[in-house]
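The block underneath contains the structure these notes are about, expressed in structure tokens.
Numbered from 1 within each chain, the chains take letters A, B, ... in sequence-line order. Heavy atoms only: backbone and side chains are in, while hydrogens, waters and symmetry mates are out.
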Amino acid sequence: MSESRGRPVTRTTRRTVAASLIAATALLTASCTTGGSSSKADTGAADTTPVTITFWHGLSSPHEVDSINSVLAKFHKKYPYITVKAVAAQTDDKVNQAIRGGTAPDVASSFDSKNVGGWCSSGAFQDLTPDIKADHVDMSQIPKAVQSYTEFGGKRCTMPWLADTFGLYYNKKLFAKAGIAGPPRTMTELAADAKKLTTFNADGSIKTAGFMPYLGGYEMLTQYLVTSWGGKWLTSGGQSSVGGDPAFAQALTWQKKLVDWFGAKKLVTFKAGMGDEFSAQNAFETGKLAMMVDGEWRNSFIKNDKSGVDYGTAVIPPAEGKSQFSGAGFVGGNVIGMPRGAKHPGAAWKLIKYLTTDTDALTTLADAIGNVPTTIAALNSPSLGLSKDPHYTPFLDVFKNPLTTTTPASGDGGAYLTNFGHFVEKWQSGGVPDLKAGLTAVDKQNNAALKLGQ
Amino acid sequence: MSTHPVTQLPLVAAPLRARLRRNRLRVLLFLAPGLVGFTVFLIYPLVMTVWLSFTNSNMISQASFVGLRNYRYLLDGDPQIWHAIRNTGWLVAIMVPAQVLFALGVAMVTARLKAGASLFRTVFYLPALAPPVAATVAFVCMFNPNSGPVNRILGLLGIHGPLWFNSPDWSKPALTLLALWGSGTMMVIFLAALLEVPAELYEAAELDGAGSWQRFRYVTLPTISPVVLFATVTGVIAGLQYFTQAMVASQVANGNIQAAPGYPDGSTLTYPQQLYIAGFNEFHAGYACALAVVLFVVAMAFTVVLLRRASGFDIEESPR
């Protein structure tokens with residue numbers, strides 16, 4: 001009897017528990033905010049109320065941190081009412097998490113521009129256009145390619161803050177030994193030189209590689225290679241164009257021929273023993289690699305690692321018949337912006353503007369960490385020490401070249417590059433029988449991924 | 001007589017109901033911390049994950065309902081997902097049984113040792129204490145085809161070593177070797193179970209003329225079957241969630257963090273990696289949630305099937 005009488009009570013309890021759960025879930029769902037919107041506690045141009053802003057950056061080595069701190073000290077001197085609390089060694093994941101949690105810093109930077117599309121389209125980073133217009137910032141000081149990787153969908157949510165350009169490093173001693181007078185002027189010459197410079201051990205394994213054509217070996221990536229053929233990753237409408245643009249098939253065909261000459265297995269074995277890229281065991285620095293594609297930063301690594309390599313630098317040569325791309329190359333680099341939820345947007349914008357447009361700030365930091373400054377004024381400044389070092393000349397020239405390209409921002413965090421990366425892995429190991437059909441399939445995959453986030 | 005129970009019942013039932021209610025409240029009060037934790041840390045994330053899997057969430061801006069789009073993309077659009085499913089399936093089908101058998105084998109050997117048993121048990125257990133990232137980096141260096149000691153030793157024996165973590169055919173076997181090396185925890189659990197098998201059962205089996213295989217098959221295995229089941233279920237779940245070692249091995253072997261994940265040739269790209277990439281690198285949190293829901297369902301299904309099969313085995317075969 002008591003059991004039967006207990007049933008309604010149990011049902012009621014269940015209903016209560018279920019209703020509570022649903023209500024709690026609904027409440028939590030509704031309250032699952034993704035970071036606060038920008039604060040209204042702004043410090044406008046005339047506002048000199050003392051504020052402390054937080055700045056997250058990715059620099060981590062002691063000399064880099066010292067350099068940025070010295071630049072921030074100059075900023076504080078210029079704006080004594082703004083104190084910057086800099087936090088080093090921050091990553092994009094941490095920045096995203098802070099934005100989602102509503103604890104974002106006032107200013108954040110990234111080494112990589114691949115997240116710019118996602119940040120702009122989602123509103124994770126605030127559109128800086130009103131501030132740029134209000135302060136009449138001259139955006140023509142920034143090359144078009146650099147502008148393109150720092151904005152997305154009509155929103156400029158980041159500014160470029162030092163750039164990386166890519167060129168060819170070559171070992172002068174090994175060149176002289178092989179009887180080669182100077183750096184190659186076309187990709188055909190590069191392939192021929194690579195073969196001349198390569199030596200093999202008695203067991204057939206590679207002793208010294210003239211060049212590392214295997215994509216993924218250090219900075220040997222398609223995005224830097226395809227500039228020699230003038231390849232464009234996305235159409236003006238934001239659709240994938242690796243299958244439609246013949247430059248990709250031409251570049252990959254050139255690359256595969258060289259891989260086949262070495263033998264893919266031999267190259268992979270050699271690559272495994274090349275030594276860590278960012279250490280003194282880097283194969284170019286130890287003389288095991290005669291030529292390689294790398295960023296301008298390698299110059300400072302060679303110096304800091306006290307490598308004895310006698311080397312020269314040049315632009316990556318254009319492909320045969322593509323001389324119009326001579327001197328052009330790839331540019332990418334650091335970006336800086338104001339995350340959603342920044343507590344002091346006015347002061348944050350002042351810091352962003354100072355770091356990205358002030359010639360002294362740019363040249364000081366560029367010289368200290370060996371990166372390319374991101375405005376033409378800083379590039380032409382007599383105080384830029386890098387411009388006096390001939391090793392940097394090709395990299396600075398690439399930056400200035402109007403045909404220099406980049407990997408454009410996309411809303412999916414650059415998934416088109418990841419898909420392409422998977423494809424070239426298959427390609428260079430001989431797993432793609434029909435290159436054209438394969439690239440067309442990559443276009444389809446990229447476009448499906450781009451559509452997913454919409 | 002007939003009216004007696006009718007008139008008495010409400011008088012008895014009222015205090016009983018009150019007492020029952022008080023008891024329930026007391027039980028609920030004691031259960032409350034657990035229930036709150038269960039709701040906040042399990043039910044809520046689960047419900048949210050299912051809900052987000054039907055949206056275009058990027059975990060930053062407002063999400064919109066997109067119906068089954070994420071699930072359709074999983075089945076038909078994601079170019080890497082079947083690669084990731086195959087790799088994870090390989091790890092569950094090969095690596096997990098290999099790990100269980102290896103740990104059981106080592107436990108049986110160390111259980112029989114008369115001298116130096118503690119030393120050997122410690123030696124076999126120690127690798128389990130190594131942090132996964134450090135252990136993976138060390139393994140990739142040891143198996144480096146160019147400069148690693150493993151291929152050098154194989155070379156001295158006249159064997160041309162494979163490319164290990166740099167070969168699509170050998171990367172998963174290399175990860176399996178890493179898993180075997182680090183299976184000390186499983187070995188200790190098996191060892192504890194083996195030492196608990198009553199010695200008189202072996203004596204009785206010997207008197208019945210059972211050989212070593214029959215003793216293992218009809219005495220050891222049925223007795224330790226709950227532990228084997230536990231190791232298998234947790235191993236399968238861990239296999240389905242295999243992430244850190246695969247990602248680290250891929251990046252260290254490739255030497256380039258910008259390259260596509262899963263090096264070489266997508267052979268170390270696992271399902272949880274693809275989930276992570278979708279959610280955290282590509283701003284497709286809704287799709288990542290769809291992947292998580294599928295992973296949850298598959299893990300649940302595996303667990304239920306294993307438990308059902310094993311309970312039958314336990315009832316029929318156990319000597320207890």
Legend entry - Side chain, backbone, both or neither of Asp93(A) within contact of chain B (heavy atoms, under 4.5 Å):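 Contact with chain B is through the side chain of Asp93(A) alone.
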Legend entry - Contacting region of Ser122(A) [heavy-atom separation from chain B under 4.5 Å]: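 Its backbone and side chain both get close to chain B.
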I need the residue from [options] with the largest number of non-hydrogen atom pairs under 4.5 Å to chain B.
options	answer
Lys444(A), Glu425(A), Gln428(A)	Glu425(A)
Asn115(A), Val442(A), Asn419(A)	Asn115(A)
Asp276(A), Thr269(A), Thr418(A), Leu417(A)	Thr269(A)
Met220(A), Lys271(A), Glu277(A)	Lys271(A)

When rounded to the nearest 0.5 angstrom, what is the spacing between [atom1] in [X] and [atom2] in [Y]?
X	Y	atom1	atom2	result
Asn58(B)	Asn96(A)	CG	CG	9.5 Å
Phe270(A)	Asn166(B)	CZ	CG	13.5 Å
Lys451(A)	Asn56(B)	NZ	CG	13.0 Å
Gln97(A)	Phe280(B)	CD	CZ	6.5 Å

Inset, instruction - Quick one: which of Ser167(B), Gly262(B), Pro261(B) has the most heavy-atom pairs under 4.5 Å with chain A, could you say? - result: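 The residue among Ser167(B), Gly262(B), Pro261(B) with the greatest pair count is Pro261(B).
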Inset, instruction - Evaluate the side chain to side chain donor-acceptor pair (under 3.5 Å) criterion for residues Asn281(B) and Lys114(A): first the C-alpha distance (whole Å), next the side-chain angles of each, then the deciding distance (0.1 Å), finally the verdict. - result: CA-CA 9 Å; Asn281(B) 291 355; Lys114(A) 70 175 183 175; 4.8 Å; no
Please check if the number of heavy atoms outside [X] that lie under 6.0 Å from its [atom1] is greater than 12.
X	atom1	value
Phe278(A)	CZ	yes
Phe296(B)	CZ	no
Phe41(B)	CZ	no
Asp76(B)	CG	no

Inset, instruction - Please assess Gln445(A) against Asp78(B) for the test side-chain contact (heavy atoms from CB on, under 4.5 Å), listing each intermediate value before the final yes or no. - result: CA-CA 7 Å; Gln445(A) 294 166 3; Asp78(B) 188 339; over 6 Å; no
Inset, instruction - Applying salt bridge (Lys or Arg N to Asp or Glu O under 4.0 Å), name anything that partners Asp265(B), two or more places apart in sequence or on another chain. - result: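 Here the qualifying residues are Lys426(A).
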Legend entry - Residues that Glu285(A) engages under salt bridge (Lys or Arg N to Asp or Glu O under 4.0 Å), provided they are two or more places apart: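 Expected list: Arg298(A).
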Inset, instruction - Can you tell me which residue pairs pass the salt bridge (Lys or Arg N to Asp or Glu O under 4.0 Å) test with a partner in residues 130-151 of chain B, sequence neighbours excluded? - result: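 Salt bridge (Lys or Arg N to Asp or Glu O under 4.0 Å) check on residues 130-151 of chain B returns no pairs.
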Legend entry - Shortest non-hydrogen contact between Lys265(A) and Leu163(B), atoms and distance: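 In terms of heavy atoms, the two residues are closest at CG-CD1, 3.7 Å.
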Legend entry - Nearest heavy atoms of Phe283(B) and Gly411(A), plus distance in Å: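 That would be CB-O, 4.2 Å.
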Structural part of [X] lying under 4.5 Å from a heavy atom of chain A:
X	answer
Pro264(B)	both
Leu269(B)	side chain
Tyr73(B)	side chain

Inset, instruction - Might you work through the side-chain contact (heavy atoms from CB on, under 4.5 Å) test for Leu452(A) and Glu282(B), ending with a clear yes or no? - result: CA-CA 10 Å; Leu452(A) 189 65; Glu282(B) 298 176 353; over 6 Å; no
Inset, instruction - Name, in order of residue number, those residues of residues 142-159 of chain B that have a heavy atom at a distance of less than 4.5 Å from a heavy atom in chain A; otherwise write 'none'. - result: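 Within residues 142-159 of chain B, near chain A: Asn144(B), Pro145(B), Asn146(B).
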